[in-house]
Number of protein chains: 4
Amino acid sequence: MVSLNKVMIIGNVGVEPEMRFTPGGHPVTTFSVATNRRYDAGDGEKKEETEWFSVVAWNKLAEQCNQFVAKGRLVYVEGRLRTRSWDGPDGQKRYKTEVIASTVSSLDRAPASSGDSATVEPGGDISPDDLPF
Amino acid sequence: MVSLNKVMIIGNVGVEPEMRFTPGGHPVTTFSVATNRRYDAGDGEKKEETEWFSVVAWNKLAEQCNQFVAKGRLVYVEGRLRTRSWDGPDGQKRYKTEVIASTVSSLDRAPASSGDSATVEPGGDISPDDLPF
Amino acid sequence: MVSLNKVMIIGNVGVEPEMRFTPGGHPVTTFSVATNRRYDAGDGEKKEETEWFSVVAWNKLAEQCNQFVAKGRLVYVEGRLRTRSWDGPDGQKRYKTEVIASTVSSLDRAPASSGDSATVEPGGDISPDDLPF
Amino acid sequence: MVSLNKVMIIGNVGVEPEMRFTPGGHPVTTFSVATNRRYDAGDGEKKEETEWFSVVAWNKLAEQCNQFVAKGRLVYVEGRLRTRSWDGPDGQKRYKTEVIASTVSSLDRAPASSGDSATVEPGGDISPDDLPF
DNA sequence: TTTT
DNA sequence: TTTT
């Protein structure tokens with residue numbers, strides 16, 4: 001028995017990516033990506049809705065994203081969804097859903113650098129014994 | 001300029017789907033789907049991790065899902081991600097990320113009913129002026 | 001029982017799209033899209049391989065593609081695969097595999113026109129009683 | 001600049017998979033998968049159309065597919081499309097489009113063996129200097 | 001809360 | 001917080 005957990009987004013990077021390191025020394029790069037959806041609000045009125053994604057890249061992919069991903073760029077991101085939960089100060093559960101990237105590519109025609117696409121190496125999207133933040 | 005917001009999951013339905021109606025009378029069906037990921041925790045040890053998705057279907061798709069989706073079934077769900085936010089009792093923002101379904105299909109060989117797959121009609125994944133819960 | 005037949009490509013349009021009409025009067029737009037793959041040929045040598053796709057859009061989508069798709073543009077195409085076969089002059093079967101588009105979007109930042117993305121209407125990807133060429 | 005070439009199918013395996021070896025000793029497993037599409041032929045009449053895919057798995061993935069893929073099983077296949085061409089006996093070009101698999105999973109609840117899903121290792125979907133048939 |  |  002098997003399952004599939006796949007997310008694919010194309011959107012604009014909202015912030016400069018940030019690379020940090022876990023206590024165990026694994027690089028983690030995070031950045032946000034905005035997708036926009038236009039829809040017809042019943043009465044023929046056009047509306048636009050922005051959806052923000054938190055993207056997380058680990059290990060080698062983290063280092064590569066830190067090179068070519070930049071605020072304002074159009075990117076393709078493929079990965080899986082992961083929802084983390086923790087207890088808030090009030091004892092209530094909080095949730096954050098993120099995209100754990102396996103592929104990140106620039107879709108801009110003039111890349112900032114030569115490398116404009118990167119794919120995770122096997123196991124590269126996990127940091128098993130070692131949490132980022 | 002354009003963007004893509006696509007999620008594809010294959011997993012097991014965790015609860016009986018629940019169909020409700022918005023104040024404006026639109027049907028909304030929600031159910032959860034579990035995907036499982038096996039990975040190698042560095043030391044050759046196999047681990048398994050379950051990821052739960054909240055799936056939301058609107059309008060005609062909601063009615064169809066309410067027929068053939070059932071607890072324990074294996075389903076394919078395609079849709080887009082949407083994160084809702086609201087203010088918690090402590091004034092802090094809370095977030096919930098859901099899959100707004102556009103296609104839901106049963107992957108079990110013996111469907112409970114004749115219809116075992118449904119796709120959204122255009123605009124069928126939104127309820128513009130009318131929030132569910 | 002259910003199945004999935006999905007293709008997603010991002011690539012450059014190789015020719016100006018061509019819109020024709022079936023005998024029954026349905027518009028059909030066809031164009032080709034190139035994707036490029038870089039890979040490591042064993043010995044550390046980098047190779048590049050181009051894959052060409054034949055994209056077919058029907059009906060309203062055909063008309064929209066005919067507007068904003070243009071040679072050289074970067075596009076996202078989502079659809080299903082269909083392989084047609086016919087008998088060659090020597091009596092041997094010939095095959096052609098095409099992408100029947102359901103969504104086509106421009107990924108260039110400066111669109112030629114205002115509309116730069118289009119999605120099929122339901123049933124819009126078929127012309128049941130009426131073959132194109 | 002970057003591109004995407006992705007196919008995702010869910011369907012039934014039409015034949016027992018066949019594993020062969022290239023002259024260079026690389027294992028290659030091929031099998032066919034049928035997807036079914038139901039559509040409304042204008043006049044309310046329901047039609048069904050079967051689409052057959054040729055799936056090719058290389059190297060380690062080939063060996064794994066040879067274990068758990070079997071005729072009649074429901075499988076999920078993810079990969080890229082590749083069209084090969086050659087000259088027919090009449091000097092005319094012939095084409096064959098195949099899915100080069102990167103992931104193959106069984107969707108049947110009772111797998112024939114313990115392993116019921118496999119993903120390509122990096123570079124595992126190519127055999128650069130060495131053609132299969 | 002599913003499934004193996 | 002992006003982009004149009």
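Just so it is clear: chains get the letters A, B, ... in the order the sequence lines come, proteins before strands, and each one is counted from 1. The model shown is predicted, which means the values in this text are computed figures rather than measured ones.
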Next item on the list: Taking only the side-chain heavy atoms of A:Glu48 (C-beta and beyond), determine which of F:dT3, F:dT1, E:dT2 contains the nearest atom.
Entry: F:dT3

Notebook entry, point to check: Expressed in angstrom and rounded to an integer, what is the separation of B:Ile9 atom CD1 from E:dT3 atom C1'?
Noted result: 14 Å

Note to self: I'd like to check, for B:Trp52, whether its ring lies over the base of E:dT1 with centroids under 5.5 Å apart and a plane angle smaller than 30°.
What the structure shows: yes

Note to self: Check this for me, if you would: do B:Arg80 and A:Glu51 make a salt bridge, where the nitrogen-to-carboxylate-oxygen distance has to be below 4.0 angstrom?
What the structure shows: no

Next item on the list: State whether the distance check finds a donor on one side and an acceptor on the other, under 3.5 Å, for side chain B:Thr50 versus base E:dT2.
Entry: yes

Notebook entry, point to check: Just by distance, with hydrogens left out, do C:Ser105 and C:Ser117 show a side-chain donor and acceptor under 3.5 Å apart?
Noted result: yes

Notebook entry, point to check: Rounded to whole angstroms, how far apart are CG on A:Asn12 and C1' on F:dT4?
Noted result: 9 Å

Next item on the list: Using atom CD of B:Glu98 as one end and atom P of E:dT1 as the other, report the distance to the nearest whole Å.
Entry: 19 Å

Note to self: Rounding to an integer number of Å, can you tell me how far B:Lys46 NZ sits from E:dT4 P?
What the structure shows: 20 Å

Notebook entry, point to check: Going by atom types alone, do B:Thr103 and B:Thr119 pair a side-chain donor with an acceptor below 3.5 Å?
Noted result: yes

Notebook entry, point to check: So what does A:Val15 touch, heavy atoms closer than 4.0 Å: a base, only the sugar-phosphate, or nothing?
Noted result: base

Notebook entry, point to check: NZ of A:Lys47 versus C1' of F:dT4: gap in Å, rounded?
Noted result: 19 Å

Note to self: Just the rounded figure in Å: distance from C1' of E:dT2 to CG of B:Leu107.
What the structure shows: 14 Å

Next item on the list: For the pair A:Arg73 and A:Asp116, find out whether any cationic side-chain nitrogen is under 4.0 Å from an anionic carboxylate oxygen.
Entry: no

Margin query: Rounded to whole Å, please give me the gap between CG in B:Leu74 and C1' in E:dT2.
Written below: 10 Å

Margin query: Considering every strand and a 4.0 Å limit on heavy-atom distances, what is the contact class for B:Gly72: base, sugar-phosphate, or nothing?
Written below: sugar-phosphate

Next item on the list: Provide, to the nearest angstrom, the distance between the CD atom belonging to B:Glu49 and the C1' atom belonging to E:dT4.
Entry: 16 Å

Check: The side chain of A:Asn36 lies closest to which of these nucleotides: E:dT1, F:dT3, F:dT1?
Finding: F:dT3

Margin query: Given A:Val77, which partner from the list A:Val7, A:Ile9, A:Ile10 fulfils the side-chain contact (heavy atoms from CB on, under 4.5 Å) test?
Written below: A:Ile9

